[in-house]
Protein chains: 2
Amino acid sequence: MTDRVVPPAARQRKRPTKQGVVLSAELIVDTALRLIEEHGADALSVRRLGRALGADPSSLYRYFRDTDDLMLAIADELIGRTLRSWRPTGDWVADLRELGLRMHAGALAHPRAAVLSAHRVTGRRHEIQAVESILGVLRRAGFPGPEAVRIYHAFVDQALAFGALDSAGTALPRSAREAEAQVWRTTYGRLPAESHPHIAATARHLVTTMRASSYPAALDLFLDAARTRLDNLPAGTGDPRPH
Amino acid sequence: MTDRVVPPAARQRKRPTKQGVVLSAELIVDTALRLIEEHGADALSVRRLGRALGADPSSLYRYFRDTDDLMLAIADELIGRTLRSWRPTGDWVADLRELGLRMHAGALAHPRAAVLSAHRVTGRRHEIQAVESILGVLRRAGFPGPEAVRIYHAFVDQALAFGALDSAGTALPRSAREAEAQVWRTTYGRLPAESHPHIAATARHLVTTMRASSYPAALDLFLDAARTRLDNLPAGTGDPRPH
DNA sequence: CTTAACAGGTCAACGGTGTTGTCGTAAGGT
DNA sequence: ACCTTACGACAACACCGTTGACCTGTTAAG
């Protein structure tokens, strides 16, 4: 294949599509996100995206090497939107809780994109910004470098992982989701205490608890543990001047 | 379409394939798992599975309604295998850590199945068994009902979510995974301290830490927090006789 | 032992997917 | 006004899941 993708810097000759649209990487990414939002998960394909843009599918390959490249761009845009309005206050626990909930909510708002992009490292602008911010919060809190990185990694992955998990749930067809609730109510709610004593003893709580996301609870546990770890740090192990 | 799938009960007339194989639901599921293991996640397609079995792809539709149906069967088999050799010892922290790591490893071994089945509730035998076991571990440890359920939910979801997240990573083509490592090494490893002080200060740790899964760290944080919570419980709040 | 029913394997086709080689054309720099 | 070339369009390829129609061997009934 020839060198098809033109780096954004050298891009200049704007030529409208047959249907009159002037393409750009941003327009493509935005349209992709809109497509996902409006028509659900599997509405995103190169051909559909081309149609939605009013362009030949193959035109997109002038902007992105392949669909994976496009997904990374979408993921980075999502990160950017999530971070845009987040302002750390100085209370690191509150800041991380807020950020975690935002990431989770962002994933739920774009189920398909979340599932497809959660495990990718984009190395792009917004992601770098996010890494820098979160590391800053942790180091300013007093975590020494290696521990800060470990906590950062676990924090981000947890938010992304739960986001992907929970949004995969919302992407299910309506009937399937109702069927799952039914399973908890009937199958688990009616197991006899003789054979399944622990389920029977907690059935009431199971039915109510399992329908909501466990991310808030998991996040609080995570932050509790992190704070405990910070408190137990030998004095003076934080990096000097991490501001 | 006609009623294509025959319920396993009524299944009887075994007729060998053109290539001499006698199909069965079990054989299909086992072959699918083997395919995933040997040739990666995207090696699983109806057509490839048919070829691997020595049967026409459309034959599989005599055993499963569609690929989703097949995936659920695979997931069920996976749960069974994960739990089969797990024996709680009485040390609840160690038991949960062991189980969490097993679930995670099981997911990694079958990426595609893990991703597709992590958010499903099957309500079938193995799943019920798992719920009962884990709840038992927690209640015997001393957690009162509602708290046991909350911890259970977060624990399972965390294991499944990280399993899906990490296995999505391994499902990537080799080149993409190398590209990610490269991103950490170069993009993040070379950011100037002036613009990105926190990344620059921890670059060394970032490069090494980010290549591995953060699940073990997240799991330990989780168990730490749970233990702290148990220790801070008012005395005598555990359910009486939870054995 | 014969026979009729039908489970279940096979075939061909449909409409979808990502991706690429090729070509024409119009935009931009000179 | 000319050249270069960016970039949109087209056609084709190989794959995908799924289905309706067909055919054949097994099996149970008579």
Side-chain angles (χ1 to χ4, degrees), chain A residues 1-25 27-28 31-32 35-36 39-72 74 112 116, chain B residues 1-28 31-32 35 39-72 74 112 116 172-173 175-176:
Chain A
M1 144 172 138
T2 59
D3 42 346
R4 189 151 242 165
V5 175
V6 173
R11 205 167 273 284
Q12 37 194 4
R13 318 213 171 168
K14 314 304 303 183
R15 184 217 301 240
T17 264
K18 239 188 176 179
Q19 305 186 31
V21 189
V22 175
L23 293 180
S24 72
L27 179 62
I28 294 173
T31 306
L35 215 54
I36 292 174
H39 304 299
D42 35 0
L44 189 64
S45 75
V46 176
R47 298 174 117 99
R48 266 214 257 263
L49 184 50
R51 223 177 300 137
L53 281 162
D56 189 272
S58 66
S59 300
L60 306 191
Y61 289 85
R62 299 278 182 205
Y63 296 83
F64 302 97
R65 201 180 343 283
D66 49 28
T67 41
D68 192 68
D69 196 21
L70 171 60
M71 282 314 307
L72 288 183
I74 294 176
R112 215 49 160 203
L116 291 178
Chain B
M1 139 171 142
T2 58
D3 43 344
R4 188 150 240 163
V5 176
V6 174
R11 202 167 275 284
Q12 38 195 5
R13 318 213 170 165
K14 315 303 305 185
R15 180 216 305 240
T17 264
K18 237 188 178 178
Q19 305 185 30
V21 190
V22 175
L23 295 180
S24 71
E26 294 76 34
L27 178 63
I28 294 174
T31 306
L35 253 180
H39 303 300
D42 39 358
L44 189 65
S45 73
V46 176
R47 297 174 117 98
R48 268 213 257 262
L49 184 50
R51 222 178 300 136
L53 281 161
D56 189 272
S58 63
S59 300
L60 307 191
Y61 290 86
R62 301 276 182 206
Y63 294 83
F64 301 97
R65 198 179 340 284
D66 50 29
T67 41
D68 192 66
D69 196 19
L70 171 60
M71 287 312 308
L72 285 184
I74 293 175
R112 179 104 171 239
L116 289 179
L172 286 176
S175 60

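In what follows, chains carry the letters A, B, and so on, assigned in the order in which the sequence lines appear, proteins first and then strands, with residues in each chain numbered from 1.
Which of D:dT24, D:dT19, C:dC23 sits closest to the side chain of B:Tyr61 comes down to D:dT19. For A:Ser58, taking side-chain heavy atoms from C-beta onward, the closest of the listed nucleotides C:dG8, D:dG8, D:dA9 is D:dA9. When distances run from any side-chain atom of A:Leu23 to the nucleotides C:dA7, D:dT18, D:dG8, the shortest one goes to D:dG8.
Where A:Gln19 and B:Pro57 meet DNA chain D, the nucleotide closest to each residue was compared, and A:Gln19 sits on the side nearer the 5' end. Between B:Asp66 and A:Val22, the residue whose closest nucleotide on DNA chain D is further toward the 5' end is A:Val22.
The phosphate of D:dC10 has OP1 or OP2 within less than 4.0 Å of a side-chain N or O from A:Lys18. Taking only side-chain nitrogens and oxygens, B:Tyr63 never comes nearer than 4.0 Å to OP1 or OP2 of C:dG8.
Legend: residues meeting side-chain contact (heavy atoms from CB on, under 4.5 Å) with B:Ser45, ordered by chain and number and at least two apart, are B:Arg47, B:Arg48. Partners of B:Ser58 by side-chain hydrogen bond (donor to acceptor under 3.5 Å, both in side chains), not counting sequence neighbours, listed by chain and number: B:Asp56.
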Find every protein N or O atom lying less than 3.5 Å from an N or O atom of nucleotides 12-16 of chain D, and list the pairs.
residue: D:dC16; atom: OP1; partner: B:Ser45; partner atom: OG; Å: 2.9

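When the P atom of D:dT18 is taken as reference, atom CG of B:Leu60 falls 10 Å away, rounded to whole Å. Taking atom CZ on B:Arg62 and atom C1' on D:dA21, their separation rounds to 10 Å, with Å as the unit. Taking atom CZ of residue B:Phe64 and atom C1' of nucleotide D:dG17, one finds them 16 Å apart after rounding to whole Å. Rounded to whole angstrom, the span from the CG atom of B:Leu70 across to the P atom of D:dT18 amounts to 10 Å. Regarding A:Asp56, its CG atom lies at a distance of 16 Å from the P atom of C:dT25, rounded to whole Å.
Between the B:Ser59 side chain and the B:Ala55 main chain, no donor and acceptor come within less than 3.5 Å of each other.
With a 4.5 Å cut-off on side-chain heavy atoms, A:Val22 and A:Leu27 do not count as touching. For the pair B:Leu53 and B:Thr17, the minimum side-chain heavy-atom distance is 4.5 Å or more. B:Asp66 places a side-chain heavy atom less than 4.5 Å from the side chain of B:Asp69. Inter-residue side-chain proximity for B:His39 and B:Leu44 is flagged as unmet; no heavy-atom pair is nearer than 4.5 Å.
Here B:Ser59 lies in heavy-atom contact (under 4.0 Å) with a base.
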